[in-house]
There are 2 protein chains.
Amino acid sequence: MRTPFRQPQASVTVDCVVFGSDEEGLKVLLIERGVAPFKGAWALPGGFVRENESLDEAARRELREETGATSVYLEQLYTFGEPLRDPRGRVVTVAYYALVKLSDHRVLQATTDARAAAWMPIGKLPRLAFDHRQIFDSALRRLQAKVRYQPIGFELLPRTFTLSQLQRLYETVLERTLDKRNFRKKILAMALLIETDRMERFVSHRAARLYRFDQRKYKALESKGFNFEL
Amino acid sequence: MRTPFRQPQASVTVDCVVFGSDEEGLKVLLIERGVAPFKGAWALPGGFVRENESLDEAARRELREETGATSVYLEQLYTFGEPLRDPRGRVVTVAYYALVKLSDHRVLQATTDARAAAWMPIGKLPRLAFDHRQIFDSALRRLQAKVRYQPIGFELLPRTFTLSQLQRLYETVLERTLDKRNFRKKILAMALLIETDRMERFVSHRAARLYRFDQRKYKALESKGFNFEL
DNA sequence: GCAAAAGTGTTAACTTTACACCCATGT
DNA sequence: ACATGGGTGTAAAGTTAACACTTTTGC
């Protein structure tokens, strides 16, 4: 980066808390570090911001490199800058969190380049490098808060999904059970789900209707002041 | 700062959006720049993060230097890092927003050290240096969102205040009118205001009762899952 | 025919909104 | 005595929460 004037300097990194969801619950993508410091420890995917790159661009690039996923929900979370958070020197990290559709199998493929990568259930994470545990905790809190008033849950589901899948996702993220009838009533009342003519298949019980989230309609309503809530 | 390894370097600054409130409405503290770039333009108070200082410490130091205020509400907002946002080189800024009690006159005194400083009504800000307009806009949106579910409005009022003052503050921040009876009912129902035995004075109408916010009680309730809301 | 999850309405409790007049004080 | 803002209650509308049985499918 250009640093043509005398002021203290630091390195700037981005770290991404990448959430995915499958039948087993919420997971986060971790990378096993191949080099010191914290060699062999698990860490959040991330890396240094390059000279001519914005922070968002850096986060998106890291995400693409680590997961192969290109169109994911990505949002800046918080910036961590304790002087001693990295033993190599002063490193300020801008943390992001991302939501990816684990159902897009592309996501997992690219993660096995050289380093080990794994989707870990958020309930039993290993010890993490640097202050990454703290970063993860912030991200989870943010996700739990945001899911209640922004329709970001859909970013974790396949393009079409059943109402029960959607409800289970909310129950997982919010860590509480929801009433089936009330949940359906409320979510359908928003009229933001498009009922497809397709049904679940290969299930050994009554097949559920598949729905799609109506992004266009949401954008339109949102700009008119509509507020998605729970 | 220590930078003992080969990676791109940047300078890191903190910039603070300092809100205050008086009879005229919401104001923000601006500083007139004495040096290039943007010499003579108005800017948010801020400065470089020092070698052994965390981001929060840097923000608090800047705030103290610019306003003299020490115990203010301070929260990290967002980090801005477009490669060209500062013509001097790569400068990543971690933005904070702060709420100060303008009624504590100490606040204004210290602002007149060498540079011009002014509390400007948020409705008619001058053109700002760098990307500070964008930073201000983010801060205002955050304040408007947060004031609805966290009792931060009290940080802008004197220690004791009337219910009408509180209501006016909310009306100013949220940019809409509120019903007097409903507002009082709701805020008193939370039982977070302590009714003092003191009344307003020197007013040419019936004197209003003064209240204090019960910070202790709020902390206690909050940790039990209580949610302050509007 | 049984196990498993899908789908469907009603009622009571609670919350929110709308609304108007008398009271205390200073000039 | 008047102007100014302080202080107070109720009812209707809307929202949330609690709750149980029938349907469809695969095995």
Side-chain angles (χ1 to χ4, degrees), chain A residues 21-25 147-149 157-158 160-172 174-213 221 225-230, chain B residues 21-25 147-149 157-158 160-172 174-213 221 225-230:
Chain A
S21 165
D22 63 15
E23 317 73 46
E24 295 164 41
V147 87
R148 294 160 150 262
Y149 64 92
L157 291 176
T160 68
F161 48 83
T162 69
L163 294 180
S164 293
Q165 275 181 291
L166 184 61
Q167 180 177 344
R168 269 194 300 278
L169 174 68
Y170 273 89
E171 289 180 336
T172 306
L174 299 175
E175 295 176 311
R176 68 192 191 87
T177 59
L178 300 170
D179 179 89
K180 182 160 61 156
R181 280 180 288 191
N182 293 339
F183 179 79
R184 284 166 184 242
K185 209 184 315 170
K186 191 156 188 176
I187 206 101
L188 290 174
M190 292 185 197
L192 286 172
L193 297 189
I194 298 170
E195 182 178 316
T196 73
D197 53 3
R198 303 188 42 246
M199 306 294 269
E200 227 179 355
R201 282 196 295 174
F202 315 119
V203 289
S204 69
H205 54 76
R206 178 170 172 181
R209 169 85 49 191
L210 291 168
Y211 290 82
R212 267 187 310 120
F213 177 63
L221 285 173
F226 169 82
N227 227 30
F228 182 95
E229 208 156 329
L230 203 142
Chain B
S21 164
D22 64 15
E23 317 74 44
E24 297 166 40
V147 87
R148 294 161 149 261
Y149 64 92
L157 291 176
T160 68
F161 49 83
T162 69
L163 294 179
S164 293
Q165 274 180 291
L166 185 62
Q167 181 177 345
R168 268 194 300 278
L169 175 68
Y170 273 89
E171 289 180 335
T172 306
L174 298 175
E175 295 177 310
R176 66 193 193 87
T177 59
L178 300 169
D179 179 88
K180 181 160 62 158
R181 281 181 286 193
N182 294 339
F183 180 80
R184 284 166 185 241
K185 208 185 316 170
K186 191 156 188 177
I187 205 100
L188 291 174
M190 293 183 196
L192 286 172
L193 297 189
I194 298 171
E195 181 177 316
T196 72
D197 54 3
R198 303 187 42 246
M199 306 293 269
E200 228 179 351
R201 282 195 296 173
F202 317 120
V203 289
S204 68
H205 54 75
R206 177 169 172 182
R209 167 89 48 193
L210 291 168
Y211 291 82
R212 265 186 313 117
F213 177 63
L221 284 174
F226 169 82
N227 227 31
F228 181 94
E229 208 156 329
L230 204 144

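Predicted model only: the values in this text are computed from it and were never measured. Throughout, protein chains are lettered first and strands after them, A, B, ... in sequence-line order, and every chain is numbered starting at 1.
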Look at the side chain of [X] and decide which nucleotide, out of [options], has an atom nearest to it.
{"X": "R181(B)", "options": "dG5(D), dG9(D), dC19(D)", "result": "dG9(D)"}
{"X": "R206(A)", "options": "dT23(D), dT25(C), dC19(C)", "result": "dT23(D)"}
{"X": "S204(A)", "options": "dG7(D), dC19(D), dG26(D)", "result": "dG26(D)"}
{"X": "K180(B)", "options": "dG7(D), dA20(D), dG5(D)", "result": "dG7(D)"}

Could you check how far [atom1] of [X] sits from [atom2] of [N], rounded to whole Å?
{"X": "L188(A)", "N": "dA6(C)", "atom1": "CG", "atom2": "P", "answer": "14 Å"}
{"X": "N182(B)", "N": "dG14(D)", "atom1": "CG", "atom2": "P", "answer": "16 Å"}
{"X": "L193(B)", "N": "dG7(D)", "atom1": "CG", "atom2": "P", "answer": "12 Å"}
{"X": "R184(A)", "N": "dA5(C)", "atom1": "CZ", "atom2": "P", "answer": "13 Å"}
{"X": "R201(A)", "N": "dA4(C)", "atom1": "CZ", "atom2": "C1'", "answer": "20 Å"}
{"X": "Q167(B)", "N": "dG7(D)", "atom1": "CD", "atom2": "P", "answer": "12 Å"}
{"X": "E229(B)", "N": "dT16(D)", "atom1": "CD", "atom2": "P", "answer": "11 Å"}
{"X": "Q165(B)", "N": "dG5(D)", "atom1": "CD", "atom2": "P", "answer": "13 Å"}

Just to be sure I understand the rule, does [X] reach a base, reach only the sugar-phosphate, or reach nothing, if contact means heavy atoms closer than 4.0 Å?
{"X": "R209(A)", "value": "sugar-phosphate"}
{"X": "K186(A)", "value": "sugar-phosphate"}
{"X": "S164(B)", "value": "sugar-phosphate"}

Nearest non-hydrogen partners of [X] and [Y], listed with the distance:
{"X": "E171(A)", "Y": "L178(A)", "value": "OE2-N, 2.8 Å"}
{"X": "A208(B)", "Y": "T162(B)", "value": "CB-CG2, 3.6 Å"}
{"X": "T160(A)", "Y": "Q165(A)", "value": "O-OE1, 4.5 Å"}

- Let me see the working for F228(B) and Y149(B) under side chain to side chain contact (heavy atoms under 4.5 Å, CB included), right down to the final yes or no. CA-CA 5 Å; F228(B) 181 94; Y149(B) 64 92; 5.9 Å; no

- Item | Steps toward side chain to side chain contact (heavy atoms under 4.5 Å, CB included) verdict (R198(B), R212(B)) | CA-CA 10 Å; R198(B) 303 187 42 246; R212(B) 265 186 313 117; over 6 Å; no

- Toward the 5' end of DNA chain C, which comes first, K185(A) or E200(A), by nearest nucleotide?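 Upstream on the strand: E200(A).
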
- Is a donor-acceptor contact shorter than 3.5 angstrom present between the side chain of R168(A) and the base of dA5(C)?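 Check fails, no donor-acceptor contact within cut-off.
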
